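To find a chain, count down the sequence lines: A is the first, B the second, and so on, and within it residues start at 1. A quick note: this is a predicted structure, and the numbers were derived from the prediction, not measured. Keep in mind that the numbers below use all heavy atoms, side chains included, and drop hydrogens, waters and symmetry copies.
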Number of protein chains: 2
Amino acid sequence: MSTKASKLNFEKPLTTVDIVVFSLLENKLNVLLIKRNEDESEPYPNQWALVGGFVDVMKDENLEATARRKLLEKTGVKTAYLEQLASWGNSNRDPRGWSTTHVYFSTLAINDIQTPSSGANASDAQWFDVIDNGVATTLAFDHANILATAIHRLRSKVEYTSLPAFLMPEFFTLKELQNAYEAVLARPLEKSSFRTRMLSTDLLEATPNYKEAANRPAQLYRLKSKIDPVFFQRTFNPIK
Amino acid sequence: MSTKASKLNFEKPLTTVDIVVFSLLENKLNVLLIKRNEDESEPYPNQWALVGGFVDVMKDENLEATARRKLLEKTGVKTAYLEQLASWGNSNRDPRGWSTTHVYFSTLAINDIQTPSSGANASDAQWFDVIDNGVATTLAFDHANILATAIHRLRSKVEYTSLPAFLMPEFFTLKELQNAYEAVLARPLEKSSFRTRMLSTDLLEATPNYKEAANRPAQLYRLKSKIDPVFFQRTFNPIK
DNA sequence: ATTGCTTAGTTGTATAGTGCAACTAACTTA
DNA sequence: TAAGTTAGTTGCACTATACAACTAAGCAAT
């Protein structure tokens with residue numbers, strides 16, 4: 001690093017953190033978006049954007065702390081699966097100048113979410129159905145691109161991990177878990193191999209309870225770890 | 001973003017880009033490190049660090065441009081496989097203040113590298129053998145941690161991609177490619193399944209030429225694409 | 001109570017990519 | 001011509017998957 005750099009008297013880029021918050025609503029993959037305020041002096045007024053904000057160098061110890069602070073503010077969720085996605089930074093993504101964002105993604109269990117409208121200032125948070133590689137609305141900044149990358153990463157990882165399990169409530173049946181997988185992947189999976197896969201690892205714990213329905217009751221399971229996903233050895237389908 | 005934020009009158013973190021540059025030297029995985037200068041007014045004087053530096057908001061259009069600029073400065077390589085690894089940012093990784101780094105990793109073909117000593121100011125660049133999860137020297141900042149993460153990511157991806165192919169010269173034999181895989185993974189692979197895997201995809205192009213030796217000549221291959229790695233359907237070994 | 005319907009869960013067979021071991025092929029050197 | 005070395009192939013076992021047909025457990029209607 002040059003002497004010039006060491007004096008730090010050069011322009012620094014803006015530093016933000018964004019979180020792509022996924023959940024399952026009515027068995028469909030959803031993403032949480034925030035409506036930006038109407039102040040015309042800020043970029044993209046009134047437009048939908050990912051959850052996120054500036055790093056607060058006084059409050060935040062590290063980037064993940066910024067992400068968790070924002071997640072808590074907008075969803076009321078204290079602990080959740082949170083994984084770094086990637087970072088973006090260039091001269092034109094924010095009209096205010098050279099800007100970087102460190103992007104995380106999170107998969108929230110349905111029952112853990114406090115309705116976005118509950119927090120102060122959060123009435124502009126709303127869940128959007130994920131359709132193909134995005135949502136049915138325009139997004140601020142380069143957030144459409146970031147969201148597409150997050151969806152792609154999520155779908156890729158779902159092929160060989162247990163990530164959708166983090167979208168489930170405390171107790172769930174194998175069929176419900178399969179539904180979650182299918183909602184994320186947007187394609188059907190085969191029942192028997194799905195069950196074999198899920199039960200072949202240390203992912204689930206069977207409970208003695210059954211979910212009653214208008215037909216054969218289904219055994220209820222729970223996650224052994226709400227933090228660590230399980231990795232499978234193969235992806236789901238053969239090449240089509 | 002708050003009104004306070006919109007005025008941008010708050011302290012911004014430092015923004016750097018680091019690149020973990022991998023190559024194969026004498027059939028061993030190596031990483032390129034730079035010796036920081038002896039100016040005591042800068043952090044970690046005389047210590048080894050990853051290739052990297054501050055984002056230059058005047059010169060660099062985006063983060064990858066910063067990475068490629070640094071890569072060119074230190075290795076003379078203009079085009080190389082470059083993938084984003086992750087980002088780090090916290091209040092204590094740099095004594096100068098809250099600091100973030102966007103980290104990339106690169107796999108360089110042996111013959112593409114101009115000796116580090118060739119560039120101006122680059123005489124302090126040196127290749128280090130990768131041993132276990134690091135190198136046999138102390139690193140500046142949190143670079144030992146970053147390097148360990150990069151090695152881990154590289155090894156993980158090598159289990160199901162063609163990444164080591166980017167470490168090869170223009171023409172190579174299947175045995176040489178297998179040696180590269182084994183150097184990265186630090187474990188032996190089985191010959192026949194390795195060959196089947198490599199030839200089952202669109203990765204390689206057979207040439208009519210053979211590498212002559214003191215015994216049976218080996219067919220020479222070349223990469224079909226020097227940019228896109230191939231993804232295989234499974235990882236290499238069964239669970240041990 | 002029996003039949004039919006629905007959903008949960010199992011079983012048997014085929015397939016594909018891998019690991020393993022033994023084999024053949026091509027070349028050099030003595 | 002034989003021995004040694006490395007390249008490359010072949011056959012068989014193994015395992016996780018896909019697919020299809022099956023059984024199991026509940027409800028509702030008759």
Point to revise | Short side-chain N/O contact to dG19(C) OP1/OP2 from Ser193(B), under 4.0 Å | key: yes
Exercise for review: Return yes if the base of dA8(C) and the side-chain atoms of Arg216(A) contain a donor-acceptor N/O pair under 3.5 Å, otherwise no.
Suggested key: yes
Check your understanding: Going by atom types alone, do Tyr81(A) and Glu83(A) pair a side-chain donor with an acceptor below 3.5 Å?
Key -> yes
Practice item. May I ask you to say what Arg197(B) touches in the nucleic acid, namely base, sugar-phosphate or nothing, with a heavy-atom cut-off under 4.0 Å? Key: sugar-phosphate
Review point. Taking all atoms of both residues into account, what is the closest heavy-atom pair of Leu203(A) and Met198(A), and its distance?
Key: CD2-SD, 3.8 Å
Point to revise | Whole-Å distance separating the CG atom of Leu199(B) from the C1' atom of dG8(D) | key: 10 Å
Practice item. Report the nucleotide, chosen from dA20(D), dA16(D), dT10(C), that has the shortest atom-to-atom distance to any side-chain atom of Lys191(A). Key: dT10(C)
**Study point:** Minimum-distance nucleotide to Ser192(A) side chain [options: dT11(C), dG9(C), dG8(D)]
**Key:** dT11(C)
Review point. Which sits closer to the 5' end of DNA chain D, Ala214(B) or Thr173(B), going by the nucleotide each is nearest to?
Key: Ala214(B)
Exercise for review: Would you classify Glu212(B) as touching base, sugar-phosphate or nothing, given that sugar-phosphate means primed atoms plus P, OP1 and OP2, and contacts are heavy atoms under 4.0 Å?
Suggested key: nothing
Practice item. Calculate the interatomic distance between Leu220(B) atom CG and dA26(C) atom P; express it in whole Å. Key: 17 Å
Review point. Heavy atoms under 4.0 Å, any strand shown: does Lys175(A) hit a base, just sugar-phosphate, or nothing?
Key: sugar-phosphate
Exercise for review: Take the angle between the ring planes of Phe231(B) and Tyr160(B) and call it parallel below 30°, perpendicular above 60°, tilted in between.
Suggested key: tilted
Exercise for review: Measure the acute angle between the ring planes of Phe128(A) and Trp48(A), then classify it against the limits of 30° and 60° as parallel, tilted or perpendicular.
Suggested key: perpendicular
Check your understanding: What's the closest nucleotide to the Arg234(B) side chain, out of dT5(D), dG19(C), dG17(C)?
Key -> dG17(C)
Check your understanding: For the side chain of Asn215(A), counting heavy atoms from C-beta on, which of dA26(C), dG26(D), dG9(C) is nearest?
Key -> dG26(D)
Practice item. Between Gln219(A) and Pro217(B), name the one whose nearest nucleotide on DNA chain C is closer to the 5' end. Key: Gln219(A)
Point to revise | Nearest-angstrom distance from the residue atom CZ of Phe194(A) to P of dT10(C) | key: 14 Å
**Study point:** 5′-ward residue of the pair Phe232(A)/Tyr210(B) relative to DNA chain D
**Key:** Tyr210(B)
Check your understanding: Side chains of His102(A) and Ser87(B): donor-acceptor distance under 3.5 Å anywhere?
Key -> yes
